[in-house]
Trainee: 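Can you keep this structure in mind? I'll have questions shortly.
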Amino acid sequence: MKLQPLDPFHPEALALLKASDDFHAALYPAESNHLLDPAALLPPQVLLLGAHAEDGRLLGMGAVRRCEEAGLRYVELKRFFVRHDARGRGVAAALLEALEAAARAEGFACARLETGIHQPEALRLYRAAGYQDCGPFGDYAPDPLSVFMEKPL
């Protein structure tokens, strides 16, 4: 598997973003989905990584958005999604590790995320990687369908 920066407007990226949108729309009402569109996934504010199979096929993606709040510089994990047929092969863990390493290299203090209560696989991944529950951050409001997490880097 090869991890590399991904253009959110690449056709494979757009297809994976649509699959992610459809997946989340089936689980949550629109007001509980906080998905960035492709234009919001562009550098320099965001690093979007793609995980590619040996044949070049896009298996998954994940992003970190650079943020600052009350003097704390942190990254927020966004648009984390792995194709259904690629799950269980370590793609998400590899993306998470690479994104955290990139944020750490840039001197960010912590990583934060918002995910949903109906995504047990995502919750297991994040908890296994050391993320702990926290309160809403940034522009998020409390939502009974959301789980907010953070991890010191």
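The shown structure was predicted, so the numbers you read here are calculated from the model rather than taken from an experiment.
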Trainee: In the structure I gave you, are the side-chain heavy atoms of F148 and L113 within less than 4.5 Å of one another anywhere?
Mentor: no
Trainee: Among residues at least two apart in sequence or on other chains, which ones pass side chain to side chain contact (heavy atoms under 4.5 Å, CB included) with D37?
Mentor: A39, A40
Trainee: Do the side chains of C67 and R73 get nearer than 4.5 Å, heavy atoms only?
Mentor: no
Trainee: To the nearest 0.5 Å, what is the distance between CZ (F80) and CG (L95)?
Mentor: 5.0 Å
Trainee: With a 4.5 Å heavy-atom cut-off, do L96 and L77 have their side chains touching?
Mentor: yes
Trainee: Applying side chain to side chain contact (heavy atoms under 4.5 Å, CB included), can you list everything that pairs with V147, at least two apart in sequence or on another chain?
Mentor: T115, I117, L123, R127, D133, M149
Trainee: Among residues two or more places apart or on two chains, list those pairs meeting salt bridge (Lys or Arg N to Asp or Glu O under 4.0 Å) that have a residue in residues 105-124.
Mentor: R66-E106, E69-R112, R112-E150
Trainee: Using the test ring-ring contact (aromatic ring centres under 6.0 Å, His included), find all partners of H24 that sit at least two apart in sequence or belong to another chain.
Mentor: none
Trainee: With side chain to side chain donor-acceptor pair (under 3.5 Å) as the rule and sequence neighbours excluded, what pairs involving residues 2-13 come up?
Mentor: K2-Q4
Trainee: Which heavy atom in V91 sits nearest to a heavy atom in A51, and how many Å separate them?
Mentor: CG1-CB, 3.7 Å
Trainee: Identify the heavy atoms of L14 and P38 that sit nearest to each other, and give their distance.
Mentor: CD2-CG, 3.6 Å
Trainee: Could you check whether any side-chain heavy atom of L72 comes within less than 4.5 Å of a side-chain heavy atom of C110, counting everything from C-beta outward?
Mentor: yes
Trainee: Working to the nearest 0.5 angstrom, can you tell me the gap between L47 CG and K78 NZ?
Mentor: 15.0 Å
Trainee: Taking atom types as modelled and ignoring hydrogens, do the side chains of Y126 and Q119 form a donor-acceptor contact shorter than 3.5 angstrom?
Mentor: no
Trainee: Kindly state each residue pair satisfying ring pair (Phe, Tyr, Trp, His ring centres under 6.0 Å) with at least one member in residues 88-122, sequence neighbours excluded.
Mentor: Y28-H118
Trainee: On a heavy-atom basis, which atom in A98 and which in L49 lie closest, and how many Å separate them?
Mentor: CB-CD1, 3.8 Å
Trainee: With a 4.5 Å heavy-atom cut-off, do V46 and V64 have their side chains touching?
Mentor: no
Trainee: So do M61 and L3 actually touch side chain to side chain, heavy atoms under 4.5 Å?
Mentor: no
Trainee: Tell me every residue that passes side chain to side chain contact (heavy atoms under 4.5 Å, CB included) with A111, counting only those two or more places apart in sequence or in another chain.
Mentor: V75, Y131, L153
Trainee: With sequence neighbours excluded, tell me which residues meet side chain to side chain contact (heavy atoms under 4.5 Å, CB included) with P43.
Mentor: none
Trainee: Scan for side chain to side chain donor-acceptor pair (under 3.5 Å) pairs involving residues 87-96, sequence neighbours excluded, and state none if there are none.
Mentor: H84-R87
Trainee: Can you tell me if D22 has over 12 outside heavy atoms packed within less than 6.0 Å of its CG?
Mentor: yes
Trainee: Suppose the criterion is side chain to side chain donor-acceptor pair (under 3.5 Å): which pairs have a residue in residues 52-61, not counting sequence neighbours?
Mentor: R57-D85
Trainee: Find the distance between CZ (R79) and CG (L16) and round it off to the nearest 0.5 Å.
Mentor: 8.5 Å
Trainee: Return the minimal non-hydrogen interatomic distance between L41 and A63, and the atom names on each side.
Mentor: CD2-CB, 4.2 Å
Trainee: Side-chain contact, heavy-atom cut-off 4.5 Å: L48 with P5?
Mentor: no
Trainee: Return yes when atom CD of Q45 has more than 12 non-hydrogen atoms of other residues, nucleotides or ligands closer than 6.0 Å, and no otherwise.
Mentor: yes
Trainee: Do L35 and F137 sit in one hydrophobic cluster, given that two such residues count as connected whenever their side-chain heavy atoms are within less than 4.5 Å of each other, even indirectly?
Mentor: no
Trainee: Has D143 got a side-chain atom pairing as donor or acceptor with L145's backbone, closer than 3.5 angstrom?
Mentor: yes
